[in-house]
Amino acid sequence: MTTLLDLLAGSPALLAIGEPTHGESAFLQVRNEAFMTLAEHGYRSIALESDRAAGLIADEFVQGGVVTLDRALTEGFSHGFGAAPANRDLLLRMREWNAGRPVAERLTFHGFDAPVELESAPSPRRHLNEVCHFLGLDRSAEIDDLIGDETRWSDTAAIWEPGRSVGRSTDAQRLRVIADDLLTELYLRAPRRPQGWPAALVHATSAVALLRYHAAAAAPLAQEERFARVARVRDALMAENLLAIRAAEAHRGPTLAFAHNTHLQRHLSTMTMGGTEVSWAGAGAIVASLLGDRYAVVVGSLGASPALGIEAPARSTYEGRLQQEDDLPGYVRASDIEPAEQRAHDYRYFPLDQATIEHADAVLHIPTGVDAATLADRILSLPGVEQVVASEDNGSPEVAWGDRFFYLGPDRRQPFATIVEHDVPGFDEAAQLDRPGVFRLNLDLGRAEFERLFGFPPKAFEDHRDAFDFARLDTLVPHPGYALYGFGSIVMPGPQMLPEIDRLLAMAYSRAANRHERAARRAADQQD
């Protein structure tokens, strides 16, 4: 397999990397590494499948503003994506990059989605009021009167029953006129109010987007046709946002976009609804038609996902054949992929097919996600290793139930590796292990390897504690509680880290084997 940079000979202005499903952290972790590598080669912005207006809050954190990390994650993302641990890491790494750099070299965070969910959308009240506040206009009473009860806008039944939607009501039509007037006024005042103008424009276009989406939901069409219409409108709004982001970022460098494959692929997206297949042009198809070769797309492919319950693919499928190329994440030129069978489709995963490959520049294949059980199996494959799982039955404290301890030989005083999924209040909370799905691998590195890796001996750890973010994924750090004994740890290591994990495991295993042999010799000497 080739590297991402090998694929960029054409220097696209907008590079898209897709994922075939939401919820597999490995894609986000690989994305983070890809973006930081691209930053070293001139990329200055990233755009995610998340509300564009909400993204203003996340970017304020990235730029070093007063917004806290917690607020950036809870209010700076839509679709619940702020809960993904890898998105926390992305914001922190971007903020760290930006510290002390000139504006031209700073990284910018964008969302490029509309402020909607698939089955619901709020009213445009907040966005209209934000624009009015920027312009110094007081139209809140008029806007409030037209909006009325918020629940009639956010009613999920409105997406499926056009009669429940207010999207084509007289009130909604008057709001569209107000939104359009405010947008015009923004441009008229741009020469006098450049400070804050881009953010106000985002809120204005978000208000227009919401009103368009509600109008689509109110279309008097059959359910399948209306769903397709809503999907088309959402992707059109995504495409509009991507093009606006590129216009804003053009003078600074290329942009990386990350979203589901269906939003980024060049060909039509399809979905089966009520036994009927509906299709539409996704944001990628729209943008590709306008940017031409300035748009490049890498579609995501997944082998297995323990977290999502997705089993390994059959060898005859596209994913199965890619599994045989390499057991680590990697990029494959689309033109190098031979025809194969299409994997069975379900709601969790959109498999590769010939059309997807033919219209892509490359494929990012991730053979497997990594969870605690996957790592445990890897450790248990070492000769003579035994696992103890903390439980009520073996007298373990409740806070540790489910944590795994790995030993070699009968001595149970010191495990050479552990996998833990819980914080210990008052002792070990720095890794934030109580986040859903988060776990940590801990390894006995020994004094010499510990010092080689971190630049100081275990006994000096407390002098360096503040230099580490113990909650960051894919990063080997001293164990926050047992560094003094030579232990290191990695939170949620992604599949790209497996070779290094194997190396460190071999070292920890060897130390355990040596301890076991020394204990056996002492026991034999005592018998003699």
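Remember, it's a predicted structure, so these values are computed and weren't measured experimentally. These numbers come from the heavy atoms of this one structure, side chains and all, not from hydrogens, waters or symmetry mates.
Residues P480 and R440 share a closest heavy-atom pair of CG-NH1, 3.6 Å. Here the closest non-hydrogen pair linking R343 and A312 is NH2-C, 3.9 Å. Between A296 and D361, the shortest heavy-atom contact is CA-OD2, 3.2 Å. Pairing each heavy atom of I337 with each of Y318, the nearest pair is CG2-CD2, 3.9 Å. Smallest separation of non-hydrogen atoms from M238 and H263: SD-ND1, 3.6 Å. Minimum heavy-atom separation, P425 to V399: CD-CG2, 3.8 Å.
A salt bridge does not link R333 with E325: none of the charged nitrogens is closer than 4.0 Å to a carboxylate oxygen. Between R511 and E449 no salt bridge is recorded (no basic side-chain N to carboxylate O distance below 4.0 Å). Checked for salt-bridge contact, R31 and D89 miss the test: no charged N lies under 4.0 Å from a carboxylate O.
The closest side-chain heavy-atom distance from I366 to S301 is not below 4.5 Å. Between Y331 and V298 the shortest side-chain heavy-atom distance falls below 4.5 Å. Residues R234 and V116 are in side-chain contact: their nearest non-hydrogen atoms beyond the backbone lie under 4.5 Å apart. Residues L308 and Y349 fail the side-chain proximity criterion, which asks for heavy atoms closer than 4.5 Å. Side-chain contact between L90 and L48 is present, with heavy atoms from C-beta onward closer than 4.5 Å. You'll find the side chain of I245 reaches within 4.5 Å of the side chain of R52, heavy atoms only. Looking at D235 and W280, their side chains come closer than 4.5 Å, going by heavy atoms from C-beta outward. Contact of the P457 side chain with the F450 side chain is not registered, since no non-hydrogen atoms from C-beta on lie closer than 4.5 Å.
There is a side-chain donor-acceptor pair under 3.5 Å between S45 and T255. For the residue pair E341/S316, the side-chain donor-acceptor check at 3.5 Å is satisfied. N32 and R472 share no side-chain donor-acceptor pair at under 3.5 Å. In this model, no donor atom of one side chain and acceptor atom of the other lie less than 3.5 Å apart for T68 and D70. Side-chain atoms of Q414 and D444 form a donor-acceptor pair, as typed in the model, at a separation below 3.5 Å. Checked by atom type, the side-chain pair E249/Y43 shows no donor-acceptor distance below 3.5 Å. For the 3.5 Å distance criterion, the side chains of T108 and D59 fail to qualify, holding no donor opposite an acceptor. For H422 and D403, the side-chain atoms include at least one donor-acceptor pair closer than 3.5 Å. A side-chain donor-acceptor contact under 3.5 Å links R315 and Q324. H79 and D113 form a side-chain donor-acceptor contact under 3.5 Å, judged by distance and modelled atom types alone. Side chains of T418 and R404: a donor-acceptor N/O pair is absent below 3.5 angstrom, by distance only.
Atoms CZ and NE2, on R266 and H359 in that order, are 8.5 Å from each other to the nearest 0.5 Å. Interatomic distance, L73 CG to F81 CZ, rounded to the nearest 0.5 Å: 13.5 Å. Atom-to-atom distance recorded for E19:CD and L28:CG is 5.5 Å, nearest 0.5 angstrom. For the atom pair OH (Y485) and CG (L445), the distance works out to 15.5 Å, reported to the nearest 0.5 Å. Between L408 atom CG and R515 atom CZ the span is 9.0 Å, to the nearest 0.5 Å. Once rounded to the nearest 0.5 Å, the distance linking CD1 of I57 with CD of E60 reads 8.0 Å.
Other residues, nucleotides and ligands contribute more than 12 heavy atoms inside 6.0 Å of the CZ atom of F456. In D293, the CG atom is not crowded: 12 or fewer heavy atoms of neighbouring residues, nucleotides or ligands sit closer than 6.0 Å. Open room surrounds CZ on R447; 12 or fewer heavy atoms of other groups in view lie less than 6.0 Å from it.
The stretch residues 369-379 participates, sequence neighbours left out, in these side-chain hydrogen bond (donor to acceptor under 3.5 Å, both in side chains) pairs: D371-T374, R378-D502.
Ring pair F350/H260: centre-to-centre distance below 6.0 Å. The six-membered or imidazole ring of F427 lies near that of Y482, with a centre-to-centre distance under 6.0 Å. If you look at F109 and F77, their ring centroids are closer than 6.0 Å.
Under the side chain to side chain donor-acceptor pair (under 3.5 Å) criterion, R93 pairs with E33, sequence neighbours left out.
Annotation: cation-pi geometry not satisfied between R95 and W97 (NZ/CZ under 6.0 angstrom from ring centroid, within 45° of ring axis).
The backbone N or O of E119 lies less than 3.5 Å from no partner atom in the side chain of E117, so there is not a single donor-acceptor pair.
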